[in-house]
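Every chain is numbered from 1 and lettered A, B, ... according to where its sequence line falls, protein lines coming before strand lines. Note that the structure is predicted; figures quoted are calculated from it, not measured.
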Number of protein chains: 2
Amino acid sequence: MSAPRTARARVRAELTREIADAARRQLAESGAAGLSLRAVARELGMASSAVYRYFANRDELLTALIASAYDGIGAAAEAADAAVARGDHLGRWRAVGEAVRDWAQARPHEYALVYGSPVPGYAAPDSTVGPASRVVLALGANFADAARGGRLAPLAVPVSEPSGPLAAELAALLAGVPGGAEGVGAAAPDVVRRCLAAWTQLFGTVSFELFGQYAMVGHREEYVRHTLELTGVLLGLRAE
Amino acid sequence: MSAPRTARARVRAELTREIADAARRQLAESGAAGLSLRAVARELGMASSAVYRYFANRDELLTALIASAYDGIGAAAEAADAAVARGDHLGRWRAVGEAVRDWAQARPHEYALVYGSPVPGYAAPDSTVGPASRVVLALGANFADAARGGRLAPLAVPVSEPSGPLAAELAALLAGVPGGAEGVGAAAPDVVRRCLAAWTQLFGTVSFELFGQYAMVGHREEYVRHTLELTGVLLGLRAE
DNA sequence: CGTTTTCGAGAGCAGTGCTCTCACAGTAGA
DNA sequence: TCTACTGTGAGAGCACTGCTCTCGAAAACG
């Protein structure tokens with residue numbers, strides 16, 4: 001992503017972005033399955049075949065949109081987390097949850113693109129795993145901070161700890177989160193499983209709301225807020 | 001669904017089923033977006049236009065597949081629940097969870113059709129809400145049974161109860177579960193919110209596993225089992 | 001300057017959902 | 001039983017899709 005040196009390279013980068021933008025607009029209207037390279041070309045007033053100079057095929061265009069969606073949702077989560085006092089772990093969780101939820105509500109098709117059914121015959125390339133983990137890493141930092149400060153409440157009911165290779169594997173994941181595993185010690189597998197559970201609950205809730213599974217609940221927004229709070233508390237997060 | 005009286009009606013019902021079966025087969029191979037009416041027609045050796053005598057359009061065919069998927073997953077959940085001792089509430093939860101997970105793993109595309117992104121421009125008709133609620137109703141029966149028997153452990157941490165109209169609405173939902181709200185009393189909103197949280201966590205977990213979000217976890221099946229157990233215990237379910 | 005690379009446009013292929021028309025076969029009423 | 005009706009299958013056709021190929025022009029490079 002260095003600065004384009006020739007005029008040609010500059011206009012190429014610009015056009016690439018314009019195509020992606022038009023595709024995103026069209027995605028918002030018709031969804032992933034309705035995304036048409038020809039329609040994108042029409043909107044930009046160019047021949048459909050010319051688009052193939054910039055994206056080799058539809059999947060490559062989808063990949064660009066997927067990466068940008070992961071980045072957008074990850075940035076929203078990180079910003080929300082950063083805006084809350086470091087020690088208010090429940091507040092940080094709530095903030096990240098609301099941010100993810102609001103982002104999804106504002107861009108349902110982009111959200112569905114990354115957290116809905118995988119596009120058939122399409123495998124996300126490795127370049128998307130980095131952006132894809134930003135949200136869970138933000139959640140993980142919160143849990144790790146709480147554990148480090150001794151402020152992660154013990155699970156109030158007897159639950160078997162993860163054991164054996166699974167425990168080792170979970171503990172190893174902590175090395176990837178900002179702040180790392182220092183100061184967490186033997187609690188690492190427990191901290192990571194709580195984080196993954198929270199992460200799963202968050203996206204399960206957001207998806208269910210967005211995809212219409214909560215049709216039986218009338219006060220949906222209030223319900224979502226309430227259930228996220230419940231999850232955070234049950235998993236040991238506390239306010240300052 | 002009465003018995004067809006004329007020969008024509010009989011062969012019509014049969015062909016309708018055959019078309020749906022062929023579509024399901026094709027769905028398993030190419031996913032929802034790759035489901036082609038023409039390919040279905042080819043497989044059955046008939047003209048593509050003839051299929052339209054049985055399903056007005058692609059969406060109607062999809063609706064049939066969606067309904068049958070909901071029914072299949074609901075039946076699997078109910079059967080799993082019924083096979084466990086009524087008083088073993090944690091065991092019932094575990095059984096339903098595993099059943100849903102196994103069903104999804106065996107038929108990923110059918111699962112994605114109902115719990116993945118909604119097909120764009122397609123709205124599920126009312127005829128699918130019945131089958132769609134079978135799983136959550138099975139879970140609800142378990143929670144309600146536990147509450148009735150005084151065996152739903154109180155949440156071990158202070159969590160604000162749902163209040164106001166949301167609480168009333170949650171309580172009202174209990175009327176729909178097998179066994180009803182009798183004997184649950186004032187705990188109804190709490191029981192329902194726990195059930196919905198469990199339901200969300202279950203499908204969040206199954207979807208994340210199926211859609212590849214757990215790529216960082218190597219011992220995935222063990223992890224899924226562990227996290228479902230954790231959820232059940234945290235939400236107050238106990239073994240006999 | 002000439003050569004090479006890059007790019008846009010157009011035609012074309014194979015496939016899609018869906019509609020329309022037309023001929024035929026099964027059904028029901030006189 | 002004959003007739004009118006209705007359900008059904010086949011075929012042609014429309015507008016659309018992703019994608020490939022070729023060709024001429026323009027920009028970049030030596």
Salt bridge or not between R10(A) and E14(A)? Use side-chain N to carboxylate O under 4.0 Å. no
Ignoring hydrogens and angles, are the base of dT27(C) and the side chain of R8(B) linked by a donor-acceptor pair under 3.5 Å? no
Round to the nearest Å and state the distance from R42(B) atom CZ to dG17(C) atom C1'. 13 Å
Donor-acceptor pair under 3.5 Å, S49(B) side chain vs dG9(D) base: no
Whole angstroms only, please: what is the CG-P distance between L35(A) and dC19(D)? 11 Å
Does a distance-only test, which skips hydrogens and angles, find a donor-acceptor pair under 3.5 Å between the side chain of R53(A) and the base of dG8(C)? yes
Pick base, sugar-phosphate or nothing for L61(A), based on heavy-atom distances below 4.0 Å to the nucleic acid. nothing
Flag the pair Y70(A) / Y115(A) as yes when their ring centroid distance falls below 6.0 Å, and as no otherwise. yes
For F55(A), answer base if it contacts any base atom (sugar-phosphate contacts may also be present), sugar-phosphate if it contacts only those atoms, and nothing otherwise; contact means non-hydrogen atoms under 4.0 Å. nothing
Under 4.0 Å between a side-chain nitrogen and a carboxylate oxygen: does that hold for D21(A) and R17(A)? yes
Does OP1 or OP2 of dG9(D) have a side-chain N or O of Y54(B) closer than 4.0 Å? yes
Hydrogens and angles aside, do Y111(A) and S207(A) bring a side-chain donor and acceptor to less than 3.5 Å of each other? yes
Rounded interatomic separation in angstrom, taking CG from L37(B) and P from dG9(D): 14 Å
Ring geometry between F208(B) and W199(A) (parallel below 30°, tilted from 30 to 60°, perpendicular above 60°): tilted
Using atom OH of Y52(A) as one end and atom P of dT17(D) as the other, report the distance to the nearest whole Å. 10 Å
Do E222(A) side-chain atoms and L166(B) backbone N/O form a donor-acceptor pair below 3.5 Å? no
Classify S36(B) by what it touches in the nucleic acid, base, sugar-phosphate, or nothing, heavy-atom distance under 4.0 Å. sugar-phosphate
How do R38(B) and L15(B) order along DNA chain D: which one's closest nucleotide is nearer the 5' end? L15(B)
Whole-Å distance, D59(B) CG to dT16(C) P, equals 17 Å
Can you measure R58(A) atom CZ to dG15(C) atom P for me and round it to whole angstrom units? 18 Å
Taking atom P of dG9(D) as reference, at what distance in whole Å does atom CE of M46(B) sit? 5 Å
Assess the side chains of S117(B) and S117(A): does a donor N or O sit below 3.5 Å from an acceptor N or O? yes
Using atom CD of E60(B) as one end and atom P of dT19(C) as the other, report the distance to the nearest whole Å. 12 Å
Using a heavy-atom distance cut-off of less than 4.0 Å, which residues of residues 19-27 of chain B contact DNA chain D? none
